[in-house]
**Q** 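Structure provided below as structure tokens; questions to follow.
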Amino acid sequence: MAKLWGGAFDKETDKQVEVFTASMAVDERMWEVDIAGSIAHATMLGGEGILLKAEAEQIIAGLQQVGEGIRAGKLVFNPDAEDVHSEIERFLTDAIGPVAGKLHTARSRNDQVATDTRLYLRGKLVEFNRELKLTQEWLLSAARKEKETVLPGMTHLQHAQPVSLAHHLLAYFWMFSRDRERIADLAKRVNRMPLGSAALAGTPFPINRQKTAKLMGFDAPTENSLDAVSDRDYVVEFLSDASLIMMHLSRLSEELIIWSTPEFGFVRLDDSVTTGSSIMPQKKNPDVAELIRGKTGRVYGALMGALTMLKALPLSYNRDLQEDKTFLFEGVDTALSSIRLMRLMLTTAKFNAERMEKSLAGDFSNATEIADYLAARGMPFRQAHEVSGKTVKYCIEHRKAIEELTLAELQSVHPGFASDVLPLLSHAAAMKARKSEGGTGVEAVEAQIAKAELALN
Ligand code: ARG
């Protein structure tokens with residue numbers, strides 16, 4: 001196959017080497033940003049008089065034509081080609097003839113691919129922000145409706161203290177809020193333009209990098225050409241951010257899986273997002289949640305792969321770097337689809353408040369109320385905790401729930417109880433009592449929702 005670099009070679013490349021070194025199958029998706037980068041480069045070359053105006057115009061029109069051809073399916077990439085950059089140059093040459101060869105003036109594939117990767121990722125970060133925000137919006141609107149819905153708050157997956165469903169859902173809101181902050185911060189470092197670094201050392205042509213950067217919407221050109229062609233920090237950073245997103249999604253998935261078991265029954269996942277079993281007709285399997293949990297491993301793997309690929313690479317460009325895109329795209333595809341599918345599961349899910357309430361009955365997750373009641377009336381908390389423990393023991397021995405105890409029974413455990421303790425012992429009261437900032441009480445959650453609204457925009 002014809003090469004971009006065949007001039008000094010006497011022999012054909014071995015077929016196995018061609019296959020082994022090709023990245024066409026992986027980087028095809030960068031065609032659009034590759035064309036956009038080339039148009040900006042040609043515009044700058046024409047503007048600075050490095051190419052004749054007419055030549056630059058011919059190249060730009062040719063690139064636009066190539067773009068339309070690819071979009072319309074008229075131009076098809078040769079799967080055996082070296083990479084997307086060489087294929088687009090081939091299309092351009094077919095379209096406008098040898099003047100196409102002038103596009104590569106003052107440019108190398110090394111700064112070209114780094115520019116393309118940043119442009120591609122920049123677009124994807126916008127999508128990530130949008131998808132996460134939509135998910136947050138759903139969580140927030142669900143929280144507004146579930147401020148009084150009580151379920152067991154857990155530690156060690158044991159009933160600990162009652163919380164509202166709103167509070168539980170909002171916990172995920174804040175995880176995704178941090179995820180969006182990280183993405184926004186990363187976007188600043190992604191939006192630097194390597195183009196003009198050429199192969200590694202810059203170029204003798206009087207290029208105008210400020211202008212090219214502006215044309216592509218980059219904040220500024222990169223400062224050092226050696227760094228620019230070999231830096232893939234942003235790939236690692238993205239995969240780290242995506243790993244945290246997947247970790248959050250997998251925790252939520254795990255809860256949906258547990259909550260949708262008959263033992264819990266806190267949520268019913270919609271038929272449209274569950275799958276059946278070929279032999280057990282009663283089954284509705286939470287495969288989507290399980291696969292989000294499972295696919296988390298792919299993104300962690302991509303992160304480790306990218307870090308390992310970069311380790312100990314000497315400056316500047318090395319072909320190892322071509323592997324970056326396999327990892328990057330794995331992270332982008334897996335995390336984006338996982339966020340979307342999570343939202344599909346959530347927006348069609350039905351929560352079952354009755355089952356939540358049932359699971360609370362007699363679970364002693366209101367035992368802290370007893371201790372808090374006595375401590376608020378002057379008893380040292382350690383002692384109050386002991387009285388509370390004795391009350392639980394009394395309940396177990398008499399097969400009663402804390403919320404069913406009479407004042408006389410409570411006073412038989414300790415004389416410090418008065419009738420005002422009784423309304424405090426329901427699970428709903430226990431939840432509502434936790435009004436401290438950031439707590440599960442209704443007013444605290446209302447304040448939290450107000451903060452969430454601010455954080456969203
Ligand atoms: N396909 C290559 C990559 O993704 C493009 C850069 C090739 N540069 C080179 N010096 N061989 O990294």
Side-chain angles (χ1 to χ4, degrees), residues 1-9 11-38 41 63 70 77-93 100-101 103-124 190 192-203 222 224-236 238-239 302 305-333:
M1 183 179 300
K3 297 288 185 316
L4 296 177
W5 38 263
F9 286 70
K11 276 192 177 177
E12 284 281 301
T13 316
D14 187 290
K15 184 74 195 146
Q16 289 186 76
V17 171
E18 273 187 353
V19 171
F20 191 72
T21 55
S23 59
M24 187 66 234
V26 176
D27 56 30
E28 177 178 334
R29 63 168 79 185
M30 298 206 302
W31 68 265
E32 223 162 349
V33 289
D34 191 76
I35 289 176
S38 289
H41 183 62
L63 284 165
I70 297 170
F77 294 109
N78 176 352
D80 299 330
E82 188 174 336
D83 59 24
V84 69
H85 323 291
S86 41
E87 274 297 85
I88 287 176
E89 196 168 328
R90 178 173 70 88
F91 292 153
L92 185 64
T93 309
L103 172 60
H104 221 50
T105 312
R107 187 175 77 170
S108 147
R109 268 186 301 161
N110 297 350
D111 59 341
Q112 184 180 357
V113 71
T115 304
D116 289 3
T117 308
R118 284 170 183 263
L119 280 176
Y120 169 83
L121 181 55
R122 184 176 80 181
K124 288 293 162 187
V190 170
R192 294 300 182 93
M193 186 196 70
L195 203 64
S197 302
L200 76 164
T203 169
T222 50
N224 180 302
S225 61
L226 292 169
D227 182 36
V229 294
S230 56
D231 170 27
R232 296 294 184 276
D233 291 4
Y234 50 94
V235 172
V236 173
F238 167 75
L239 289 168
L307 279 169
T308 310
M309 178 273 284
L310 289 164
K311 176 183 175 294
L313 282 189
L315 292 178
S316 61
Y317 179 86
N318 298 272
R319 194 62 178 265
D320 314 46
L321 292 170
Q322 177 171 290
E323 290 293 307
D324 66 346
K325 286 172 284 299
T326 310
F327 299 128
L328 175 63
F329 299 163
E330 175 87 281
V332 166
D333 294 347

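Every number for a ligand or one of its atoms is a count from 1 in the order of the listing. What you see is a predicted model, and the numbers here were worked out from it, not measured in a lab.
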**Q** Report all protein residues having a heavy-atom distance below 4.0 Å to some atom of ligand 1; order the list by chain, then number.
**A**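 Residue list for ligand 1: Ser23, Asp83, Arg109, Asn110, Val113, Tyr317, Arg319, Gln322, Lys325.
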
**Q** Less than 4.0 Å between a side-chain N and a carboxylate O, is that true for Arg232 and Asp324?
**A** yes

**Q** In chain order, what residues pass the side chain to side chain donor-acceptor pair (under 3.5 Å) check against Asp333, with sequence neighbours excluded?
**A** Arg29

**Q** Going by atom types alone, do Asn78 and Glu87 pair a side-chain donor with an acceptor below 3.5 Å?
**A** no

**Q** Mind checking side chain to side chain donor-acceptor pair (under 3.5 Å) for Glu89 and listing every partner two or more places apart, or none if nothing turns up?
**A** none

**Q** Any salt bridge linking Glu82 with Arg109? Criterion: basic side-chain nitrogen under 4.0 Å from a carboxylate oxygen.
**A**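 Yes, this pair counts.
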
**Q** With sequence neighbours excluded, what pairs up with Arg118 under the side chain to side chain donor-acceptor pair (under 3.5 Å) test?
**A** Asp231

